[in-house]
Structure formats: C-alpha cells, structure tokens
Amino acid sequence: MNPEEDLARLRHKLAGLERENGDRMYLVDNRAAKAIEETQAAGDKLKQETSAALTARMEQKRRAEAAGGWATESTLADKVEDDGDFGFEEDETENERRAGYRTAEEPPVSFRPPAPAVPSQPPPPPPPPAPVPEERPTGRHRRAAARGDDDFANTDWLAT
C-alpha cells in the first residue's frame, strides 16, 4: 500500500466523521432551542395563571375587608347580575300558548266547546263473574296448588 493512498483514505474517513459530528451538533442545538422555547412558553403561562390567581385573591381580601373582616361565601363569591335569568322564558311562553294557558293580561275566552251529549240509555250492566269451581283454592295459595306442592326440604343443593 501506498502511504498517499492511506493518507487519502484517512482524510476521507476524517471528513465523514466531521460531517457526522456537525449533524449531531445541529440536532443537539435544535433540541436545546426547542427546549428553551417550551420552557419559556410554560413560564409565561405559569406567570399568567399566577397573576390571575393573585388578582382573584386580592379581590377576595378586599371584599372581606369591605364586609368588616368577615370572609363569608356571600362576600367572597363573584357577583352575578341576575340569578333568575336562564333563557327559558321564550320556550315557556310558547309552551303555555300551545297548552292554552292565558296570562292575566289576556281577555277571558268567550267561546267554549260544547259539552258532550249525555246518552239517553244507560250502558248495559257488566256480565256477572263466572262461578269458581270449589276444588281450586283462592288467594295466594292458588299458585302453589297450580304448580304442585314442591317440597325442597330434602334437596342436597351442594350436589352437582
């Protein structure tokens, strides 16, 4: 082997190693930059959440001091403008209109449907009940008599 060929082969191998090392350093730098960005974003988010919580706590403290130092639910809770407005009023009026209800402002209904006609003949009486044979027991014992008197006292339930 020629020393010049050996030198060329070593230079080629060294160039490959330098290229691989450069690629690895690029990946390491890229990962580090991404980690720094994510950390900064998480820190900003935590800062905003902490600021909001601090503001809410300061508002609760201010309300408690305004109430004479009493920290009750009514003094610390957020004030709601109108508790009774759920948005169902429109549906309620439509349902009442369909059902035929009227409000106090509406005039009374002047037309009423005619009452149903009363039949001239009374309906025929129901037929008398069929006689029950004497051999069948009545009441709760009727079912036991129909299926037979099962006595399970001598049954071995553990046998397969």
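All values below were derived from every heavy atom in this structure, side-chain atoms included, with hydrogens, water molecules and symmetry-related copies excluded. Please read all numbers here as calculations on a predicted model, not as lab measurements.
Using a 4.0 Å cut-off between a side-chain N of Lys or Arg and a carboxylate O of Asp or Glu, E20 and R24 qualify as a salt bridge. Electrostatic pairing of R63 and E59 counts as a salt bridge here, judged by a charged N lying under 4.0 Å from a carboxylate O.
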Could you check N21 against E18 for side-chain contact (heavy atoms from CB on, under 4.5 Å), going step by step and ending with a plain yes or no? CA-CA 5 Å; N21 189 27; E18 286 178 359; 5.6 Å; no
For L10 and L14: C-alpha separation, side-chain torsions, deciding distance, then whether side-chain contact (heavy atoms from CB on, under 4.5 Å) applies. CA-CA 6 Å; L10 286 174; L14 183 61; over 6 Å; no
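Distance check: R57 CZ to K61 NZ gives 7.5 Å after rounding to the nearest 0.5 Å. The CZ atom of R9 sits 10.0 Å away from atom CG of N2, with the distance rounded to the nearest 0.5 Å. With rounding to the nearest 0.5 Å, the separation of CZ in R31 from CD1 in I36 is 14.5 Å.
With T39 contributing its side chain and A35 its backbone, the two residues share a donor-acceptor pair below 3.5 Å.
Environment of CD in E4: sparse, with no more than 12 heavy atoms of neighbouring residues, nucleotides or ligands closer than 6.0 Å.
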